[in-house]
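Here's the structure, in structure tokens; my notes come after.
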Protein chains: 2
Amino acid sequence: MTPGASPTLRDVAQEAGVSPAIASRVLNADPSVRAREDTRERVRIAAQRLGYVPHSLARSLRGARTGAIGLVMHGLDSPINVDVLRGAQARCAESGYVTLLAEAEELTQNDSQLHAFLARGRLDGVILHSGYGHEDLLLEAVSRSVPAVLVNADHGGAVSTVRVDDAAAAALAVQHLLDLGHREITFIAGPAGSETSDRRQSGYCRALETAGLVETADVMHAEWSAAAGRAAAEDLLDRPRLPTAVVVANAVTAAGVLSGFRDAAVTVPGELSVVGVHDSWFLEHLAVALTTVRLPLQALGAAAARVLIDEIDARVAKGASRQGGKAGAGINGARAPHDEFISEPPPQLILRSSTGVPRE
Amino acid sequence: MTPGASPTLRDVAQEAGVSPAIASRVLNADPSVRAREDTRERVRIAAQRLGYVPHSLARSLRGARTGAIGLVMHGLDSPINVDVLRGAQARCAESGYVTLLAEAEELTQNDSQLHAFLARGRLDGVILHSGYGHEDLLLEAVSRSVPAVLVNADHGGAVSTVRVDDAAAAALAVQHLLDLGHREITFIAGPAGSETSDRRQSGYCRALETAGLVETADVMHAEWSAAAGRAAAEDLLDRPRLPTAVVVANAVTAAGVLSGFRDAAVTVPGELSVVGVHDSWFLEHLAVALTTVRLPLQALGAAAARVLIDEIDARVAKGASRQGGKAGAGINGARAPHDEFISEPPPQLILRSSTGVPRE
DNA sequence: TTGGGGCGAACTGGGCACGCG
DNA sequence: ACGCGTGCCCAGTTCGCCCCA
């Protein structure tokens with residue numbers, strides 16, 4: 001071993017006076033290895049003394065697993081999405097996987113980045129939280145090369161998904177307002193085309209329906225951004241007749257809505273009550289501390305990681321049973337897609353200062 | 001080639017009727033390859049038809065580069081730190097590197113995660129934005145295995161660093177208040193021990209000094225969190241005598257300060273002016289839209305990536321010139337550490353609603 | 001003879017099936 | 001039968017050599 005270079009398995013073996021095969025199996029605690037205790041000890045000592053660290057690439061090249069999971073995220077300017085990321089990352093790390101991070105926006109616009117990310121052999125699987133508009137392209141490219149799990153989007157059952165109960169969250173927000181006596185509640189949805197937004201909207205409608213107020217349903221659309229929320233608030237205030245309350249499908253949008261109301265000197269909750277969906281640290285610091293429905297975002301990310309890791313394990317097991325070799329598995333190691341619904345903890349109302357009884 | 005399995009270089013070579021050696025060099029556009037144009041064409045066609053994707057692990061195993069950079073971040077619950085992450089990630093992706101994400105908190109508390117992350121051969125380098133308290137441990141472990149760049153922390157010149165002009169930012173905030181006529185300005189610093197906070201504090205002091213007001217300097221400490229900011233605000237209000245303005249070393253802390261003032265019914269900027277450091281989307285939506293000094297956070301992350309990639313390139317070049325082999329470089333491929341100061345764009349005052357003339 | 005064109009084999013670092021004493 | 005080593009495998013990269021016009 002050249003001094004200064006990191007030691008290889010052969011170096012360790014030589015140092016211990018054994019063959020690389022034995023060294024490998026001892027260090028990996030292979031239960032089927034037959035070696036005298038003192039031999040094992042010599043190997044371990046040698047590895048220790050040389051500061052041996054296995055070469056992860058060499059190991060994964062031979063084995064079936066790389067130990068890396070790709071996280072394709074969108075909208076990292078929103079703490080909401082960052083929470084999902086953190087949940088997924090933490091869960092992966094806990095299970096011994098490292099995580100590769102990529103932005104959906106970049107990957108869709110830049111083929112070379114997409115290819116670098118999906119390069120053969122780099123990833124065991126991918127978690128895709130890509131927002132509406134990116135899924136089709138990315139999902140196809142991704143799921144062709146590795147197992148994938150889709151977060152908060154449903155893609156026709158071709159791939160596993162995890163979701164929170166968006167409809168229940170919106171319904172809970174509406175119910176809170178109904179309980180306060182509101183009867184005219186506007187829903188500020190996300191952009192048309194977003195499945196998450198659609199599910200929240202259907203929860204809103206369902207709650208109104210249950211209360212016998214379907215005909216009062218009133219939906220506006222806004223992008224998932226504070227600026228769009230502010231614009232939506234301005235549009236709303238331009239109307240001749242105002243509702244008494246607003247449910248906003250997203251906490252970041254809601255921040256903008258509140259600022260819009262503040263700019264127009266509309267008091268909250270005096271003149272208008274506002275409820276948001278999601279929970280995050282910044283909500284209590286907004287123009288008015290925002291009442292919201294908390295959804296388990298980190299748990300969502302963690303669940304995605306769990307489902308994906310299960311699939312990877314299943315595929316590896318299957319591949320192994322096929323005598324290794326080229327493990328024809330290809331992408332066909334996929335089991336039936338698993339759709340998971342995160343119902344624990346359930347959506348929870350977080351009461352702050354933005355809701356009250358209707359005006360007059 | 002077994003149908004269903006992804007094609008290897010040998011498959012492509014066979015399909016094109018050439019040896020793997022030629023196929024490799026043609027596909028990598030090796031300038032020193034000598035092959036007829038029609039041979040090259042056959043190879044390219046074959047690769048195309050088979051949908052050949054090179055195996056990244058096999059390639060990096062032989063080569064000097066893995067094409068992966070580690071991002072060790074802390075405090076991803078704060079959008080401020082996320083901005084740094086995004087800047088670094090984007091810059092890495094742009095240069096063809098994939099990024100591995102890890103949380104400093106997890107890595108310090110969990111040796112097995114640290115080892116998985118730093119496993120030999122996985123990373124070409126690491127960007128460390130680890131917050132005070134984690135550096136020592138992590139930096140040592142990291143820089144022993146790969147080149148590293150430290151973000152917004154100075155570590156005795158042993159490793160490269162990138163920084164923004166924290167002192168100038170704080171000074172700018174103070175100057176703005178001085179211009180408005182304030183003479184009693186309290187600084188709410190970060191936790192004791194944070195270098196970033198220390199630099200901002202020195203900027204605060206310097207500005208007061210220039211104005212001949214050193215003796216009015218007044219510093220409080222708070223963790224980098226909104227809750228700590230709120231507590232600091234409460235402590236401040238408990239005093240018999242209040243300053244007329246506050247500079248907060250961090251935007252997230254400032255959010256809490258503003259909420260603390262709101263809870264105590266202290267009007268901003270009527271009774272107290274507040275200026276924060278950093279800029280982010282949520283600041284205009286706080287209890288009072290916060291005037292801040294913008295620092296180029298994404299540029300900071302991007303600069304860290306650039307510096308690191310330069311170092312990696314230098315090391316690879318050096319290794320190559322040494323006839324390859326075990327490239328004794330070890331960690332010694334490191335050049336003299338490079339300390340970069342991001343002065344472009346300079347700190348910029350973003351005027352919102354939280355500052356005004358002193359009371360009375 | 002020379003040089004253009006292409007191939008074989010060794011090498012990266014480990015894992016694992018077999019086989020030898 | 002126990003204990004251990006040999007050698008090929010993964011998928012590329014690259015150096016040196018050979019062959020033929």
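So that the names make sense, note that chain A is the first sequence line, chain B the second, and so on, each numbered from 1.
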I'd like to know if A:Glu106 and B:Arg91 make a salt bridge, using a cut-off of under 4.0 Å between side-chain N and carboxylate O.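 No.
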
Salt-bridged, B:Asp124 to B:Arg315, with N to O below 4.0 Å?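 Not counted as a salt bridge, because no side-chain N and carboxylate O are separated by less than 4.0 Å.
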
Figure out the [atom1]/[atom2] separation between [X] and [N], and round it to whole Å.
| X | N | atom1 | atom2 | value |
| --- | --- | --- | --- | --- |
| B:Leu27 | D:dT13 | CG | P | 8 Å |
| B:Leu57 | C:dG15 | CG | P | 14 Å |
| B:Asp11 | D:dA11 | CG | C1' | 10 Å |
| B:Arg40 | C:dG4 | CZ | C1' | 12 Å |
| A:Arg62 | C:dG13 | CZ | C1' | 12 Å |
| A:Glu37 | D:dG3 | CD | P | 11 Å |
| A:Arg65 | C:dG15 | CZ | C1' | 15 Å |
| A:Asp30 | C:dC16 | CG | P | 7 Å |

Could you tell me whether [X] contacts a base, only the sugar-phosphate backbone, or nothing, with contacts defined as non-hydrogen atoms closer than 4.0 Å?
| X | answer |
| --- | --- |
| A:Leu61 | base |
| A:Arg34 | base |
| A:Ser60 | nothing |
| B:Asn28 | sugar-phosphate |
| A:Val26 | nothing |
| B:Ala21 | base |
| A:Val18 | sugar-phosphate |

So A:Glu103 and B:Arg86, salt bridge (charged side-chain N to carboxylate O under 4.0 Å, His left out) or not? Walk me through it. CA-CA 9 Å; A:Glu103 290 217 2; B:Arg86 295 175 67 209; 3.4 Å; yes

For [X] and [N], is the shortest distance between a side-chain N/O and OP1 or OP2 below 4.0 Å?
| X | N | value |
| --- | --- | --- |
| B:Ser19 | C:dC7 | yes |
| A:Thr39 | D:dC4 | yes |
| A:Arg36 | D:dC4 | yes |
| A:Ser24 | C:dG15 | yes |

Side chain of [X], heavy atoms from C-beta onward: which of [options] has the nearest atom to it?
| X | options | answer |
| --- | --- | --- |
| B:Ile22 | C:dC7, C:dC16, D:dC2 | C:dC7 |
| A:Arg25 | C:dC11, C:dC18, D:dA11 | C:dC18 |
| B:Leu9 | D:dT13, D:dC10, D:dT6 | D:dT13 |

Within a reach of under 6.0 Å around CD of B:Gln48, are more than 12 heavy atoms found that belong to other residues, nucleotides or ligands?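 It does not: B:Gln48 CD has 12 such atoms or fewer within range.
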
Are any non-hydrogen side-chain atoms of B:Arg122 and B:Val146 less than 4.5 angstrom apart?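 With C-beta onward as the side chain, the pair stays apart.
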
Min side-chain heavy-atom separation A:Val33-A:Arg40 under 4.5 Å: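 The answer is yes; the side chains approach within 4.5 Å.
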
On DNA chain C, check which nucleotide each of B:Arg42 and A:Arg10 is closest to and give me the residue with the more 5' one.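 Its nearest nucleotide lies further toward 5', so the answer is B:Arg42.
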
Could you check B:Pro20 against B:Arg120 and say which one's nearest nucleotide on DNA chain C is further toward the 5' end?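 First, find each residue's nearest nucleotide; the 5'-ward one identifies B:Pro20.
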
